[in-house]
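Report on the following structure.
As a basis for the values below, the full set of heavy atoms in this structure was taken, side chains included, without hydrogen atoms, waters or symmetry mates. Throughout, a chain's letter reflects where its sequence line sits, starting with A, and its residues are numbered from 1.
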Protein chains: 2
Amino acid sequence: MPAAATAPSFQPLWRQIRTLIVSDIEAAAWKPGEAIPSELELAARFRVSQGTVRRAIDALADENLVVRRQGKGTFVATHTEEKVSLPRFLRIRRDDGVDEYPGSRLIDVRRGKAGIEAARLLELKAGEPVLLLRRTLEFAGVPVVLDEITLPGSLFRGLTKARFDAYHGSMYGFFETEFGVRMLKAREKLKAIVADADSAALLAVESGTPLLAVERVTTTFGDRPVELRRGLCTTMHHHYLNELG
Amino acid sequence: MPAAATAPSFQPLWRQIRTLIVSDIEAAAWKPGEAIPSELELAARFRVSQGTVRRAIDALADENLVVRRQGKGTFVATHTEEKVSLPRFLRIRRDDGVDEYPGSRLIDVRRGKAGIEAARLLELKAGEPVLLLRRTLEFAGVPVVLDEITLPGSLFRGLTKARFDAYHGSMYGFFETEFGVRMLKAREKLKAIVADADSAALLAVESGTPLLAVERVTTTFGDRPVELRRGLCTTMHHHYLNELG
DNA sequence: CAGTGGTCTAGACCACATC
DNA sequence: ATGTGGTCTAGACCACTGG
């Protein structure tokens with residue numbers, strides 16, 4: 001039983017079972033929003049005690065891969081039910097503290113080839129086909145964030161502006177239901193820059209205004225990157241919120 | 001047994017025991033860095049099974065209040081052992097990916113009165129005495145962050161520049177060992193601004209350079225705020241890192 | 001070796017949702 | 001009443017640390 005250099009040789013049972021369940025979720029044995037089998041059923045299937053299955057599912061809940069609901073069951077996490085609370089990956093907030101769900105306005109969808117930087121971050125070869133979306137996020141009808149989103153062409157075949165506009169819900173909900181791509185984790189790097197002429201026009205601010213630049217790489221199962229997003233955010237009346245624990 | 005409007009009437013045993021242990025940690029029954037009693041000992045003391053104590057301690061470990069070390073024991077978390085890895089609350093990184101522990105240079109310590117905004121964020125009355133520290137964080141000898149730190153005077157009596165300079169370690173280590181104030185959680189709000197003349201001088205950049213403005217409110221037990229920090233960060237060669245999961 | 005945290009089991013019972 | 005997740009117990013055994 002070979003082991004990676006830094007990995008433990010033997011994994012506890014609950015860890016192995018967690019991995020098995022993740023594989024089933026990735027293989028869409030149960031779709032996002034659906035219930036997975038009950039703990040007792042999984043325990044019987046894997047020939048372990050309920051407590052061991054519980055431990056595995058607890059880990060998955062901590063990773064936001066599933067959601068537990070007492071009395072009802074355990075459900076595969078989805079981005080299509082985020083209308084109630086704020087989207088999990090949205091860190092931009094209004095300064096006045098009101099929790100507003102921003103509107104998304106798609107500007108355009110273009111086809112292109114991955115540049116060196118995008119290829120590196122998305123683990124593609126330079127020149128591979130990508131999709132380039134531009135969109136704004138509007139709070140109270142005012143554009144606050146300008147995003148340029150780079151997607152691997154191979155995963156999002158058939159993505160058009162019309163198709164996105166026909167979908168009602170968040171962008172990650174769109175990716176999930178229309179292309180089966182699940183956004184699980186993201187890593188963001190923030191810098192302060194000044195607006196150039198183009199960005200300023202789209203955000204309705206003066207050229208030279210300071211903007212918050214957010215570079216996000218989003219990953220799916222196995223930490224495979226599937227989205228590169230460069231956002232510019234006006235921070236006159238909004239901010240980026242982060243909780244440290 | 002009265003209950004708050006939104007709180008559950010009955011707490012599970014492990015939750016109650018967690019609270020008891022937190023109280024003991026807050027009361028410094030065991031100091032930061034010291035071991036708390038073993039699970040079996042705590043189980044006997046509270047007349048519950050080891051599993052229930054385990055659950056309580058697991059929760060504390062998730063909150064970074066204690067650190068488990070297999071074979072050795074469970075230890076109260078401390079800010080004085082962060083020299084190996086990067087400080088837990090430091091999000092600024094070098095663009096080149098090198099993990100550098102920045103140097104801290106204290107500029108000055110002043111006494112003052114809380115303004116309206118500081119009073120609100122620190123839950124003080126306007127006009128109550130505060131301490132105002134200014135310091136820079138230097139990466140490779142170059143100032144990258146300029147912090148202005150506001151502390152409630154009542155909690156940090158006797159804090160002087162000389163005393164800080166005599167201490168070797170992180171600022172939160174200093175607060176912990178010298179004043180018994182434990183920084184547990186923080187909430188940061190980020191904006192992009194342009195440097196004014198004073199800040200530009202201290203950060204050795206031109207006036208008008210875009211800077212990342214970080215407002216941090218740090219809390220201790222019971223979510224009581226104990227530090228307000230306004231930081232300005234040059235992001236030419238550094239960035240603010242955030243992981244979303 | 002003894003002591004610590006880590007895993008796993010089997011079973012009882014509770015709390016919640018649904019029919 | 002039934003099925004789900006949530007709590008709690010008692011006990012066995014494993015893995016790691018340090019004298």
Side-chain angles (χ1 to χ4, degrees), chain A residues 1 3 6-21 24-25 30 33-78 81 84, chain B residues 1 3-4 6-21 24-25 29-30 33-78 81 84:
Chain A
M1 200 171 293
T6 55
S9 317
F10 291 95
Q11 292 214 324
L13 239 193
W14 68 266
R15 203 91 187 59
Q16 300 175 39
I17 284 165
R18 176 202 157 277
T19 302
L20 290 174
I21 298 176
D24 280 346
I25 292 178
W30 320 290
E34 289 182 0
I36 71 174
S38 75
E39 296 177 351
L40 279 173
E41 191 175 332
L42 289 171
R45 177 182 308 182
F46 295 127
R47 314 292 197 104
V48 298
S49 74
Q50 181 186 2
T52 302
V53 169
R54 236 187 121 58
R55 195 95 151 71
I57 295 179
D58 279 344
L60 295 178
D62 285 345
E63 301 171 59
N64 293 308
L65 263 165
V66 301
V67 176
R68 289 176 167 296
R69 276 181 258 205
Q70 177 166 145
K72 302 177 74 171
T74 301
F75 300 80
V76 179
T78 173
E81 291 172 2
V84 199
Chain B
M1 201 172 291
T6 55
S9 318
F10 291 95
Q11 292 212 326
L13 239 193
W14 67 264
R15 204 93 187 55
Q16 301 175 38
I17 284 163
R18 176 202 157 278
T19 302
L20 290 174
I21 298 176
D24 280 346
I25 293 177
W30 321 290
E34 288 182 1
I36 72 174
S38 76
E39 297 178 351
L40 279 173
E41 191 174 334
L42 289 171
R45 175 181 310 182
F46 295 126
R47 315 291 199 98
V48 298
S49 75
Q50 181 185 3
T52 301
V53 169
R54 236 189 123 57
R55 195 96 151 69
I57 294 179
D58 279 343
L60 294 178
D62 286 345
E63 301 170 60
N64 295 307
L65 262 163
V66 301
V67 177
R68 289 176 166 296
R69 276 181 252 197
Q70 178 166 148
K72 303 176 74 173
T74 301
F75 300 79
V76 179
T78 173
E81 291 171 3
V84 198

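- Taking 4.0 angstrom as the limit, A:Thr74 places a side-chain polar atom (N or O) nearer than this to OP1 or OP2 of D:dG5.
- Put simply, the side chain of B:Glu81 never gets that close to the backbone of B:Gly33: no donor and acceptor are under 3.5 Å apart.
- Taking only side-chain atoms of B:Ser49, from C-beta outward, the nucleotide of D:dA10, C:dG5, C:dA10 with the closest atom is D:dA10.
- One atom, CZ of B:Phe46, and another, C1' of D:dT9, lie 18 Å apart when rounded to the nearest Å.
- Atoms CD (B:Glu39) and C1' (D:dA15) sit 14 Å apart, rounded to a whole Å.
- Close to D:dT4, at under 4.0 Å from its OP1 or OP2, lies no side-chain N or O of A:Arg69.
- Straight-line distance from the CD1 atom of B:Ile17 to the P atom of D:dT7: 13 Å, rounded to whole Å.
- As rounded to whole Å, 17 Å separates atom P of C:dG3 from atom CG of B:Leu42.
- Here the closest heavy-atom approach between residue B:Arg54 and residue B:Arg68 is recorded as O-NH2, 3.4 Å.
- The shortest non-hydrogen separation linking B:Pro37 to B:Arg45 is CG-NH2, 3.8 Å.
- For B:Thr52, no side-chain nitrogen or oxygen approaches OP1 or OP2 of D:dT7 to under 4.0 Å.
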Using the side chain to side chain contact (heavy atoms under 4.5 Å, CB included) rule, take B:Ile17 and B:Leu42 through it: C-alpha gap first, then chi angles, then the decisive distance, then the call. CA-CA 9 Å; B:Ile17 284 163; B:Leu42 289 171; over 6 Å; no
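- Side-chain polar atoms of B:Gln50 and B:Glu39 form a donor-acceptor pair below 3.5 angstrom.
- Atom CD1 of A:Ile57 is separated from atom C1' of D:dG6 by 12 Å (rounded to the nearest Å).
- Along DNA chain C, the nucleotide nearest to B:Ser38 and the one nearest to A:Pro12 differ in position, and the one closer to the 5' end is contacted by B:Ser38.
- Distances were taken from every side-chain heavy atom of B:Leu13 (C-beta onward) to each of D:dT9, C:dC8, C:dG6; the shortest belongs to D:dT9.
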Could you list the protein-to-nucleotides 17-19 of chain D atom pairs, N/O on both sides, closer than 3.5 Å?
from	atom 1	to	atom 2	distance (Å)
D:dG18	OP1	B:Lys72	NZ	3.3

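- Where A:Arg15 and A:Gln50 each meet DNA chain C at their nearest nucleotide, the meeting point lying more 5' is that of A:Arg15.
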With side chain to side chain contact (heavy atoms under 4.5 Å, CB included) as the test, would you mind laying out the steps for B:Ile25 and B:Val66 before giving the verdict? CA-CA 9 Å; B:Ile25 293 177; B:Val66 301; 3.8 Å; yes
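- Phosphate proximity of C:dG6 to B:Arg54: present, with a side-chain N or O under 4.0 Å from OP1 or OP2.
- A straight line from CG of B:Asp58 to P of C:dG6 spans 7 Å, rounded to a whole angstrom.
- A donor-acceptor contact shorter than 3.5 Å is absent between the side chain of B:Glu34 and the backbone of B:Val76.
- Look at CZ on B:Phe75: it is 17 Å from P on D:dC16, rounded to the nearest Å.
- Per the geometry, CZ belonging to B:Arg55 stands 16 Å off C1' belonging to C:dG6, to the nearest Å.
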